[in-house]
Amino acid sequence: MKFPFRALPGERTLRPVVDIAFPGLPNLTIPALVDSGAFATRVSDEFAEELGVDLAMVAAVPFSVGLGRYHSRRAITDLTVRKDTRPCEIEFVSGWGHDHALLGLRGFFDNYVVRIDAVARMTELRAYRHPAALQQQR
Amino acid sequence: MNNDRTDEVEAGDPTGETGERQPAPTAVDLSLNNEEVVQLTRADVLAAASTMLRDQRHHDSGTAPVDPLPSPDDERVQLQLDPNAGSGDLAAVDVLAVVALALNVEPDEIRPRPAVEALRKLRFTIIGAGVVANASRTRRNRRDTTDEPADALPAPTESVGRLVPGDSPEQQGHDDLTPDLAFRLQRLAGQWVAVRDGKLLTAAPSLRELRTALGEQRASVMFVPLPNKNRSR
């Protein structure tokens, strides 16, 4: 799967952005920044509400991005990248306030081999045969 | 090495160094006269071309611009390229104008050869045939104001030509969030937005309200951060 670099809102700079989707919200795609420096895959917790993911019993975990401090709650949720849907570990972040999701080591890089070609401005993914979330459950 | 994790290559989507056609870049670097390197995007060139066509038609007809304008992906977007217009400083004047408009800089900040090369890298086709209808007028307009250094001319066989969009499928309406739209979304800071094919569909203060407004429409959705919000990048 190949994804040309794209701009995020408010910028003209092109970055490695991949569209993701939740099967429970089939008409919506979400631009997500590929970020190997991010520990987790993170989206706004408003998506959890729309997906009906109950996070009430999940402990909130603090983390920092840039100068911001946030709390997230983790759940394993089906995530779609183009035609590939698999269970992924997602952190739903309260007050995220960014224009993109973050695709980090857990939930994304442990599901795909990622090649970022900054010269060609292209992100290339190859899916692991066994989704990481299933491996964790073994 | 974990042998359990075997890479899975999707059928019909081969990766690696096969003969797959490289897509057109969405942006290229362009060096200005002052050596500053800026990004020229395909979307900005098309937007500038559309604006120039509209202005040109208005000027030629003496009437108000016709709406709607042709799509920038339409082959009717044809910009005159006149690299042999008498002297180097007047070369490719229309190309300079469209690139300058796309970058929001003055034309005399751009050198012709890098501008033409940048447009070619963005898969615009320069066709070396035809008649330049507006070159003399353009030259007349610019003669008193430009002091462009005599940069090398583009290929002499392309004495006259026109610039048309290329045929890269990746660039023809498949991006919901084009660079131009991404930049313009700043005015909706603090709201969720839904976009498709480079157009804003709707905006709302919450994702739930956005979904309600969207109904069954397909869209890319995102929150537009407040200007003082820390970015994750």
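Letters A, B, ... mirror the listed sequences (proteins, then strands); counts begin at 1.
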Let me confirm one number: the CZ-OG1 distance from B:Arg218 to A:Thr29, rounded to the nearest 0.5 Å.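 So the CZ of B:Arg218 and the OG1 of A:Thr29 are separated by 6.5 Å.
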
Side chains of B:Thr26 and A:Leu14: closer than 4.5 Å at any heavy-atom pair?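 Yes, close enough: below the 4.5 Å cut-off.
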
Taking every non-hydrogen atom, the tightest pair across B:Arg208 and A:Glu49: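 In terms of heavy atoms, the two residues are closest at NH2-O, 3.6 Å.
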
I'd like to check A:Leu28 versus B:Leu210 (side-chain heavy atoms, cut-off strictly below 4.5 Å). Are they in contact?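 Result no, sub-4.5 Å side-chain heavy-atom pair not found.
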
So for A:Tyr112, is it side chain, backbone, both, or neither that comes closer than 4.5 Å to the heavy atoms of chain B?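 A:Tyr112 has no heavy atom closer than 4.5 Å to chain B.
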
Where on B:Leu188 is there a heavy atom nearer than 4.5 Å to chain A: the side chain, the backbone, both, or neither?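 No part of it gets close to chain A.
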
Decide yes or no for A:Glu46 and B:Phe223: does some side-chain heavy atom of the first lie under 4.5 Å from some side-chain heavy atom of the second?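 They are not in contact (no side-chain heavy atoms under 4.5 Å apart), so the answer is no.
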
Taking side chain as everything from C-beta outward and backbone as N, CA, C, O, which of these in B:Val38 sits under 4.5 Å from a heavy atom of chain A? Side chain, backbone, both or neither.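 Contact with chain A is absent: no heavy atom of B:Val38 under 4.5 Å.
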
Atom group of B:Arg187 that falls short of 4.5 Å from chain A, counting heavy atoms: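 Contact with chain A is absent: no heavy atom of B:Arg187 under 4.5 Å.
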
Side chain, backbone, both or neither: which part of B:Gln217 has an atom under 4.5 Å from a heavy atom of chain A?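 Only the backbone of B:Gln217 comes within 4.5 Å of chain A.
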
Rounded at 0.5 Å granularity, tell me how far CD1 in A:Ile20 sits from OG in B:Ser220.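 A:Ile20 atom CD1 to B:Ser220 atom OG measures 11.0 Å (nearest 0.5 Å).
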
Quick check for you: to the nearest 0.5 Å, what is the distance between B:Leu214 atom CG and A:Leu25 atom CG?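 That separation rounds to 11.0 Å.
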
Locate the shortest heavy-atom distance separating A:Arg121 from B:Asp29; write the atom from each residue and the value.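 Where A:Arg121 meets B:Asp29 most closely, the heavy atoms are NH2-OD1, 3.5 Å.
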
So, the side chain of A:Asp99 versus the backbone of B:Pro225: is there a donor-acceptor pair under 3.5 Å, distance only?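 Between the backbone of B:Pro225 and the side chain of A:Asp99 there is no qualifying donor-acceptor contact (under 3.5 Å).
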
